[in-house]
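Structure first, commentary second.
Any value given below was found using the heavy atoms of this structure, including those in side chains, with hydrogens, waters and symmetry copies removed. Every chain is numbered from 1 and lettered A, B, ... according to where its sequence line falls, protein lines coming before strand lines.
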2 protein chains.
Amino acid sequence: MAEQPRGSVTLMDVAARAGVSLATASRALNGSTRKVGDDLRERVLAAARSLNYAANAQAQAMARGRTNVVGLVVHDIADPYFSSIAAGVMEAAEGHHVLVTLGSTLRRPEREVDYLVALRGQRSRAVILAGSRMDDSPVAEALRREIDIFENDGGNVVAISQKQLPVDTVVIENRLGARDLATELVGLGYRRFGVLAGPDAMLTARDRVHGFREGLGRSGIDLDPAFVAHGAFTRDGGYQAMNTLLDRIGELDCVFAVNDVMAVGAMVAAREHGLEVPRDLGLAGFDDISTLRDVNPALTTVRLPLEKVGASAFELVLSAAERTKPRTRRIKGEVVLRQSTRTISG
Amino acid sequence: MAEQPRGSVTLMDVAARAGVSLATASRALNGSTRKVGDDLRERVLAAARSLNYAANAQAQAMARGRTNVVGLVVHDIADPYFSSIAAGVMEAAEGHHVLVTLGSTLRRPEREVDYLVALRGQRSRAVILAGSRMDDSPVAEALRREIDIFENDGGNVVAISQKQLPVDTVVIENRLGARDLATELVGLGYRRFGVLAGPDAMLTARDRVHGFREGLGRSGIDLDPAFVAHGAFTRDGGYQAMNTLLDRIGELDCVFAVNDVMAVGAMVAAREHGLEVPRDLGLAGFDDISTLRDVNPALTTVRLPLEKVGASAFELVLSAAERTKPRTRRIKGEVVLRQSTRTISG
DNA sequence: GTCTATCGTGGAAGCGCATTCCTTCGATGA
DNA sequence: TCATCGAAGGAATGCGCTTCCACGATAGAC
């Protein structure tokens with residue numbers, strides 16, 4: 001079986017072995033509009049099989065003028081938020097004969113632009129920008145510019161999070177979710193709130209804080225800016241932010257961390273401080289990261305269907321051809337009350 | 001600035017605008033061995049910039065006969081084990097001008113072969129197979145075969161986990177780690193052990209069980225096969241496996257789950273059963289998943305430097321050219337005792 | 001002063017494939 | 001029987017780039 005020339009097998013090798021022309025081999029293997037006689041087709045397929053032929057995707061891309069590569073750019077693939085989205089994308093991509101190229105900005109949003117350029121070089125069919133938008137005009141401007149170029153090249157861009165760019169977007173209803181959460185927490189009897197906010201420029205974090213404040217406002221409760229502590233959007237960021245709040249923790253009865261990983265950090269900080277959740281303090285997060293569902297006490301949070309977010313983004317990619325103008329898909333979160341907040345109104 | 005032709009800008013456009021030949025433009029932009037006069041070089045660079053030129057990677061790959069794509073194949077990118085490895089790979093790739101294409105087998109090992117074929121089509125420089133090897137001859141045989149073809153095409157393959165394939169491998173010392181863990185647990189006074197094992201065919205799971213049994217054996221303790229419960233390598237798998245053990249849980253004083261996510265599932269099952277860890281039962285995991293470090297009680301486990309694993313794999317990819325035969329890097333785990341096991345020997 | 005190295009540049013081939021155009025052949029209808 | 005047409009196969013082109021080769025100019029050796 002399968003003696004194989006050194007180096008890659010080309011379509012020419014297949015054609016030669018099958019005793020047909022290049023054109024016929026191509027048509028037989030990649031089903032064109034043209035028909036190929038059954039006998040020849042069989043011969044070609046057999047030859048390809050026996051030579052372990054795999055079409056050179058670069059050459060195909062070149063000849064066809066398009067590729068089957070889709071880029072996925074995240075801030076940190078180790079963050080369960082992003083890895084869940086990535087899983088959703090991968091699953092949706094399954095069977096669509098698409099290769100997903102992963103970009104990781106390592107939490108430096110300006111690197112999104114670099115990936116966009118690299119993926120344009122690859123002639124990627126589309127790019128999914130999964131990270132939060134930033135309130136940073138120079139970076140946003142550069143990104144916007146590069147997106148124009150990318151699209152002018154025939155590529156499609158899909159963003160996840162905020163509708164800040166003129167592209168297909170999966171909008172995550174951060175504000176709404178945080179507002180609902182605030183309402184529920186007030187319903188549980190909490191009145192004096194602290195917030196562990198993320199980086200100020202990160203819109204996802206900011207939207208959640210705004211939404212939360214809004215929700216409190218509807219119940220006539222003010223959020224004292226002194227009780228809003230900023231920190232990185234990570235476990236350690238939550239830990240640190242919580243520590244800065246801890247001096248005046250006596251004045252609070254509930255803390256909202258803008259995401260679950262921060263909430264977990266906060267829980268540790270609280271525990272180290274001798275505070276027991278929820279007895280001494282209520283604590284809530286956002287995202288409902290599945291890996292974190294079993295922390296004890298279980299986190300009250302806002303559930304986001306992250307895999308579905310990824311899948312939606314991929315669907316936008318697939319159906320990009322037919323669209324005329326940017327589309328928006330909205331994904332809502334759902335408040336989940338668990339043990340990290342008290343259950344009885346007081 | 002930057003008026004731009006419809007569609008992609010080609011090197012020819014750049015050359016034309018700079019008033020030089022294609023060859024010169026190519027040399028100026030992609031630094032060859034040949035030198036280009038300073039004035040011309042400047043003209044070319046300026047033209048490229050003003051046209052937003054991004055070299056067509058497909059065409060370059062074609063002309064050069066190689067690409068800068070590296071494939072990373074994992075079982076489930078949402079699993080923190082794999083996402084940590086992926087993060088390590090991404091970070092190591094940083095600055096090396098390499099694009100990482102992600103494959104996710106969705107826990108169907110036979111799909112590794114499919115990805116290998118697809119990545120061969122892409123003429124990937126290398127592929128990192130991050131998942132555990134399986135004890136499944138047909139699949140292993142197909143994989144081995146496809147690896148041969150891949151390497152014959154000039155690609156490099158790096159495996160992570162077991163040295164089962166004749167390729168560069170980052171070996172994870174599962175057996176050793178589990179053995180050490182067993183020793184430590186015995187040192188804490190535990191005597192009657194249960195094990196939550198993963199799928200029987202998965203070598204990573206199996207190695208950990210073997211190593212654990214070995215460690216117990218050294219202390220003269222037998223592991224009763226009746227106390228080894230198999231389950232999926234996931235949180236739910238741990239939960240279920242623990243439940244099957246729960247009937248006879250009175251005969252046990254410590255349970256070892258072959259990874260942390262299973263341990264977390266087990267912890268929930270135990271709690272639902274009214275058992276308190278570590279008071280009623282010791283519990284240990286494996287991996288030291290960072291997202292899980294804050295579960296309460298904190299898990300005794302074997303710490304694996306997963307990001308380093310990913311980085312090592314990537315280094316093997318980079319230095320593949322110089323090697324003559326498959327290399328092996330060994331990564332050891334380190335036992336970390338925490339609150340899920342008792343601290344005082346009894 | 002001529003004759004060879006050297007250097008910077010342009011011309012052109014070729015990477016592997018899809019596809020257009022052309023040729024051939026058999027079938028069909030008059 | 002012959003013209004016509006459709007279908008199937010093959011030759012040739014081009015996708016965008018790198019790189020080998022050729023060429024003229026300049027410099028250094030004699």
Side-chain angles (χ1 to χ4, degrees), chain A residues 5-45 47-48 51-69 97 120-125 153-154, chain B residues 5-45 47-48 51-69 120-124 153-154:
Chain A
R6 182 68 203 164
S8 305
V9 178
T10 72
L11 187 57
M12 233 176 54
D13 300 329
V14 175
R17 172 181 262 250
V20 301
S21 73
L22 242 176
T24 302
S26 170
R27 290 194 270 249
L29 288 170
N30 306 308
S32 73
T33 47
R34 297 276 307 260
K35 253 173 62 181
V36 174
D38 289 342
D39 46 341
L40 288 195
R41 143 166 294 111
E42 265 320 307
R43 286 229 305 272
V44 171
L45 294 182
L51 291 171
N52 295 313
Y53 174 72
N56 183 322
Q58 326 288 337
Q60 285 189 315
M62 193 137 198
R64 291 207 258 243
R66 63 199 155 72
T67 66
N68 282 308
V69 172
H97 205 66
R120 173 157 64 96
Q122 292 289 323
R123 297 303 183 268
S124 281
R125 212 160 102 175
D153 265 28
Chain B
R6 183 66 203 167
S8 305
V9 178
T10 73
L11 186 57
M12 233 176 53
D13 299 330
V14 175
R17 173 182 262 250
V20 302
S21 75
L22 247 179
T24 301
S26 171
R27 291 193 272 252
L29 287 171
N30 305 309
S32 74
T33 47
R34 311 277 312 197
K35 253 170 66 180
V36 174
D38 289 342
D39 47 342
L40 288 195
R41 145 166 289 111
E42 264 322 306
R43 286 228 305 272
V44 171
L45 293 181
L51 291 172
N52 296 313
Y53 173 72
N56 183 323
Q58 326 288 338
Q60 286 188 315
M62 191 136 200
R64 293 206 257 244
R66 62 198 154 72
T67 66
N68 283 306
V69 172
R120 174 156 64 96
Q122 293 290 322
R123 299 300 183 267
S124 283
D153 265 29

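Atom pair B:Asp38:CG and C:dG8:C1' shows a separation of 12 Å (rounding to whole Å applied).
Comparing D:dC17, D:dT19, D:dA8 by their nearest atom to the side chain of B:Thr10 picks out D:dC17. Of all nucleotides listed (C:dC17, D:dG9, D:dC17), D:dC17 comes nearest to the side chain of B:Leu11. Picking from C:dG8, C:dG16, D:dC17 the nucleotide with the shortest atom distance to the side chain of B:Tyr53 gives D:dC17.
Contact annotation: B:Ser26 side-chain N/O to D:dT18 OP1/OP2 distance is under 4.0 Å. A sub-4.0 Å separation between OP1 or OP2 of D:dA7 and a side-chain N or O of A:Lys35 is absent. In this model, the phosphate group of D:dT18 is approached by a side-chain N or O of B:Asn30 to a distance below 4.0 Å at OP1 or OP2. Taking 4.0 angstrom as the limit, B:Ser21 places none of its side-chain polar atoms (N or O) nearer than this to OP1 or OP2 of C:dT9. At D:dG9, none of the side-chain N or O atoms of A:Thr24 fall inside 4.0 Å of OP1 or OP2 (strictly under the cut-off).
The base of C:dA18 has none of its N or O atoms less than 3.5 Å from a complementary donor or acceptor on the side chain of A:Arg64.
Comparing B:Leu40 and B:Ala63 along DNA chain C, the residue whose closest nucleotide (by nearest heavy atom) sits nearer the 5' end is B:Leu40. Residues B:Arg27 and B:Met62 each lie close to DNA chain D; by heavy-atom proximity, the contact nearer the 5' end of the strand is made by B:Met62.
Interatomic distance, B:Gln60 CD to B:Leu29 CG, rounded to the nearest 0.5 Å: 9.5 Å.
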